[in-house]
Number of protein chains: 2
Amino acid sequence: MLKLTRKVEYALIALRHMQTLKPRKLTSAKEIAEAYGLPQQLLAKTLQQMARDSIIEAVQGPSGGYRIMSDLDKISLKDFFEKLEGPLGIMDCYFDSDCIQLGACNIRTPIQRINENMREMFSKMSLREVTQ
Amino acid sequence: MLKLTRKVEYALIALRHMQTLKPRKLTSAKEIAEAYGLPQQLLAKTLQQMARDSIIEAVQGPSGGYRIMSDLDKISLKDFFEKLEGPLGIMDCYFDSDCIQLGACNIRTPIQRINENMREMFSKMSLREVTQ
DNA sequence: TTTAAATACGATAATTTTAGTCGTATTTAT
DNA sequence: ATAAATACGACTAAAATTATCGTATTTAAA
């Protein structure tokens, strides 16, 4: 099924929400969570991670919150996904070495080919294309 | 991470193995499981499913087994993945209707755009490209 | 300068999904 | 008849994901 996690889903919802606001206007995790019925704490973690990755900016204290920081045009979906979820690929034999297979595996190369195609595809799409 | 399940992994290993054999030669779940250190019963289920989908052919009885049936050039990766795992997409909001979101969701359309791109990409790759 | 509302984040619990096993039936070559 | 294979539903185990808890820190504003 090739699915991404909720984290990405919440991140996209939040970004899309922020884009509807006036530039530099802050919005809080609570606000977004209530608006879309998301679990606030989990959403908050996602927002915190995006802040660490400089996709958004966090402002602490009361009347603090988050706002978009980067130019979303300049962030590829590949980078976005990988920042939130780690390396992109249909199977992990590409990066993790402790595969069950010792040397018997016969699909490593073809899998890598698929993975490269996927990465290329998501490299060509910008985050803005998705959030706008 | 966008990962596929073991089912697909085992299916690919099995197909690739069959391709190394003489055409029409049968191989059993046991044989493949032992050769690659896979759980035999689970592999068998995957083979059975591929047989139901007419990708391979099953022959019962002792000295029975499986062999490739379809022209793998004619099966797209999209069809292959969807046969084994159901609809292809990075999130299921496309097909499943019981989403948490009532009408508040703001990312359905962009998600569908990504999903379409993915399906298109996998439509263009044949199963043979991967197993050969 | 106290309070309250927000972010920050590690730890843990709950849930869901995936992976694997078991048991039994059926088929069929020998 | 027997044995080796496929077929498959039911169940268990393990892993991954999702969500919550608890606490610390920051800081605007009363």
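Values below: every heavy atom of this structure, side chains too, minus hydrogens, waters and symmetry copies. To find a chain, count down the sequence lines: A is the first, B the second, and so on, and within it residues start at 1.
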Protein-nucleotide distance ([X], atom [atom1]; [N], atom [atom2]), rounded to Å:
{"X": "A/E57", "N": "C/dA6", "atom1": "CD", "atom2": "P", "value": "17 Å"}
{"X": "A/L26", "N": "C/dT7", "atom1": "CG", "atom2": "C1'", "value": "12 Å"}
{"X": "A/M50", "N": "C/dC9", "atom1": "CE", "atom2": "C1'", "value": "16 Å"}
{"X": "A/Y10", "N": "D/dT20", "atom1": "OH", "atom2": "P", "value": "9 Å"}
{"X": "A/Q48", "N": "C/dA6", "atom1": "CD", "atom2": "C1'", "value": "11 Å"}
{"X": "B/L2", "N": "D/dA16", "atom1": "CG", "atom2": "P", "value": "16 Å"}
{"X": "B/K30", "N": "D/dA7", "atom1": "NZ", "atom2": "P", "value": "17 Å"}
{"X": "B/L43", "N": "D/dA5", "atom1": "CG", "atom2": "P", "value": "14 Å"}

Return the CG to CD1 distance between B/L15 and B/I55, rounded to the nearest 0.5 Å.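 Separation between the atoms: 7.0 Å.
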
Provide the closest heavy-atom pair for B/K25 versus B/R67 in the form atom of the first, atom of the second, distance.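 So the minimum-distance heavy-atom pair works out to O-CB, 3.5 Å.
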
Of the candidate nucleotides [options], which contains the atom at the shortest distance from the side chain of [X]?
{"X": "B/S28", "options": "C/dA29, C/dT7, D/dA5", "value": "D/dA5"}
{"X": "A/R6", "options": "D/dC21, C/dA19, D/dA19", "value": "D/dA19"}
{"X": "B/Q41", "options": "D/dT6, D/dA19, C/dG23", "value": "C/dG23"}
{"X": "A/K45", "options": "C/dC9, D/dA10, C/dT7", "value": "C/dC9"}
{"X": "A/R52", "options": "C/dA29, C/dC9, D/dA7", "value": "C/dC9"}

B/F80 and B/D53: CA distance, side-chain angles, deciding distance, side chain to side chain contact (heavy atoms under 4.5 Å, CB included) verdict: CA-CA 9 Å; B/F80 177 68; B/D53 290 333; over 6 Å; no

Same apolar cluster (I L V M F W Y, side chains within < 4.5 Å links), B/V59/B/M69: no

Can you work out whether B/P62 or B/K7 has the more 5'-proximal nearest nucleotide on DNA chain C? B/K7

Classify the nucleic acid contact of B/A44 as base, sugar-phosphate or nothing, counting any heavy atom under 4.0 Å across all strands shown. nothing

At 4.0 Å (heavy atoms only), tell me whether B/A51 reaches a base, stays on the sugar-phosphate, or touches nothing. nothing

By nearest heavy atom, map A/G61 and A/L42 onto DNA chain D; which one lands nearer the 5' end? A/L42

Reading DNA chain D from 5' onward, which residue's closest nucleotide shows up sooner: A/Q60 or A/Q40?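 Final value for this comparison: A/Q40.
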
B/R119 with B/E116: basic N within carboxylate O range, under 4.0 Å: no

